[in-house]
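Order of the sequence lines fixes the chain letters, A, B, ..., with proteins taken first and strands second; residue numbering starts at 1 for each chain. Side chains included, hydrogens not; waters and symmetry mates left out as well; all remaining heavy atoms used. Note that the structure is a prediction, hence the values are computed from the model and not measured.
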Amino acid sequence: MNPPSERTVRAGRIDCRVWEKGRGEPLGFLGGLRGLPRWTPFLDRLAAGRRVVAPSLPGFPGARGHDALDDVADWVTATLDVLDASGLAGCDLIGASVGATLAAEVAAFSGATVRRLVLIAPFGLFVPEAPVADLWAQKPRELPSLLSAHPERLEAALDAPAGADPTEWQLTANRANEAAARLLWPLGDLGLAKRLHRVRAPTLLVWGAQDRVVPPSHAKRYASGIAGWVELREIGDAGHTVEIDQPDAVARVVLDFL
Amino acid sequence: MKLLWFHLMPYTDLPEDFAEKHPSVWVDIDPALFDPRRGHELYNEFMDELEAAAELGFDGVCVNEHHANAYGLMPSPNLIASSLARRTRETAIVLMGNSLALYDPPTRVAEEMAMIDCISGGRLVAGFPVGTPMDTCYAYGRNPSQLRQRYREAHDLVMRAWTEGKPFTWNGRFHKLRYVNPWPRPVQQPHPPVWIPGGGSLETWRWCAERDYVYSYLSYFGYKAGAATMRGFWEAMDQLGKDRNPYRAGFLQFVGVAETHDEALDLYREPAEYFYGRCLHLDPRFAAPPGYTSEATQRARVESMVARAAGGSGSGTARDWGDIVDRGYVIVGSPDEVAERLRHVARSLHVGHLMLLLQFGNMGRELTLHNTELFAKRVMPQLTDLFDDEWEDAWWPRPLPLEERARPRELSS
């Protein structure tokens, strides 16, 4: 894989790393639970057809400042700042996991910011019969197989590359974990259900058939809450980290939709 | 030297196979394991023990806060402290403490502690722990990434509420109050002494030094394991230009006294193995929510863990009596042996406030009172003079003179 280009933009009060690869219309990507510590095969597949632009959200690899964000309004503001600064306002936007949660919130709060929306296994709803797994009450060794149907692919996406300082790599991963928790703790209702009707962007919902974190039944709830055009695609042999478990299948479905 | 009598209030009837059949003593422990009839008996027994310790001359009695926890039955230590305010006369009431980020609004802490200080005639020590991950993030749902920020704001609000002298507006990050005006105010002015029960993070030491608070290390693993932390604390005090007044520090130590060493080994084995085997049956799932530990502390630990993995292996908690004693989790012996060992602990850790756990595990009333009486009569006299001619305890309650204090009416039956 050729590496993406890298630049830093000023987004509100933070400096934000932006990775970019490919040609054509910009296609934004907001990463999942660990952010984007490394470029992934999924993004490479997308870059074959579009200009993929992957900015960093506060606290995730590439940007600091999660500790200044206290509630959903703060996080949405920060995400809007990041999207504006990286030239993604008015563009198509993909979000994965926690990134998808914020993409949905942004689409609800600021309709003009998102043209077409792809949500890969977003959080945000509270469904008593289908609770979200408590990500932060797990034995560390059991986490990869909770998150992924192919833990070795997840590890490849998260492991320190040769030459990286192991302490810094670990601290970066811890910080991303904290940033996700700062938004989502304790995995109850974010209030998104009250706002989904304001999502007018044509939306593709992608879910892993084996998602053990956010049950696939959440997909229908999401779909029924969104006002605009909605498509639902379930990907077989994939867990919560759908785009890491099945990069080809997810990329195909996304590019078809867009 | 101040000698304090600490009660954790553990539930004493967890089954023998508890550690095998149940994953956790905390957070999601089966509520069916708590028998309310036993609860009635235990709370009354434990409060009798605290009152007895006060009568026997311990300088202070200590209570603390835990939630959804079978080894600590006080979600609200203030309820116990208010009873102690009535049922003790001279001893300090050491509230160790109120987990500030869990009170909404935090002014509640200022109010309740002021009530206890008034009722007791000015005998309160105000403890402000951050609180464990289990208590704060899991049982009480606090966001681990926000916990310390909330704690700091709550602390600032409580201290201002006690000292402002007039109503004020608080436009905080996490709390917004237009009229902050606690009635009552504490007897002790400007405020009761503040102690911070901590677990060894760098920020806590720095903060205790800046604010002139007592740093209390409430370790369950005794003086040998605690020495490194206290060394770190005193080095930090040196760097911050603070004097080495031992009353800047507090330390918790389990103790079992008997007539002879062998008798002590015999008497205290079961309660200790109950504590370390069942009470400390902690589920690692709840130990480390993201953000609970600051990045600076993480950095130090990651580096030391890498070093440890490279060098040797860490050892877990001792569960077996021989190891428990060898590692100094519990100091056991005859009164003279215990006194000698505790003098060593106080001097080597340089601690002026020794908090003693003389009830631990499933120890019943009889043994608890035996331990407490032996300690009071035969160990305490050998310890009280320590540090007295060298240092002053500036962090001790200053109550109303005894003759000015109310005397509760006698019960008629």
Problem - Distance (rounded to the nearest 0.5 Å) between A:L184 CG and B:S145 OG - result: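 OG of B:S145 is found 11.5 Å from CG of A:L184.
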Problem - Interatomic distance, B:R150 atom CZ to A:D70 atom CG [nearest 0.5 angstrom] - result: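 Nearest 0.5 Å value for the CZ-CG distance: 8.0 Å.
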Problem - chain A contact via B:D28 - which portion, at a heavy-atom distance below 4.5 Å - result: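 For B:D28, there is no contact with chain A at all, as no heavy atom is under 4.5 Å.
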Is the [atom1] atom of [X] crowded by more than 12 outside heavy atoms at less than 6.0 Å?
{"X": "B:K21", "atom1": "NZ", "value": "no"}
{"X": "A:R13", "atom1": "CZ", "value": "no"}
{"X": "A:R17", "atom1": "CZ", "value": "yes"}
{"X": "A:R64", "atom1": "CZ", "value": "no"}
{"X": "B:R206", "atom1": "CZ", "value": "no"}
{"X": "B:R108", "atom1": "CZ", "value": "no"}
{"X": "B:R319", "atom1": "CZ", "value": "yes"}

Exercise for the section: Establish, from distance only, whether the side-chain atoms of A:D67 and B:Q149 form a donor-acceptor pair under 3.5 Å. Expected result: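 No donor-acceptor contact under 3.5 Å links the two side chains.
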Handout entry: Which of B:F174, B:Y292, B:Y138, B:F286 touches chain A most, by non-hydrogen pairs under 4.5 Å
Key =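 Looking at each of B:F174, B:Y292, B:Y138, B:F286 in turn, B:Y138 comes out on top.
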Practice task
May I ask you to name which of B:P284, B:A287, B:G141 has the most heavy-atom pairs under 4.5 Å with chain A?
Solution key: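 Among the listed options, the one with the most contacts to chain A is B:G141.
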Exercise for the section: Find out whether A:Q170 and B:R299 are in side-chain contact, i.e. whether some heavy atom of one side chain is under 4.5 Å from a heavy atom of the other. Expected result: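 The answer is no; the side chains never approach within 4.5 Å.
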Problem - Note, A:W185 side chain near B:P289 side chain (heavy atom, < 4.5 Å) - result: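 Yes, close enough: below the 4.5 Å cut-off.
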Handout entry: Any donor-acceptor pair under 3.5 Å from A:E178 side chain to B:E295 backbone
Key =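 Checked: no pair found.
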Handout entry: Exam field: side chain B:N143 to backbone A:A181, donor-acceptor pair closer than 3.5 Å
Key =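 Yes.
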Problem - chain B neighbours within residues 137-163 of chain A, where any heavy atom lies under 4.5 Å away - result: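 Checking residues 137-163 of chain A against chain B gives A:A137, A:Q138, A:K139.
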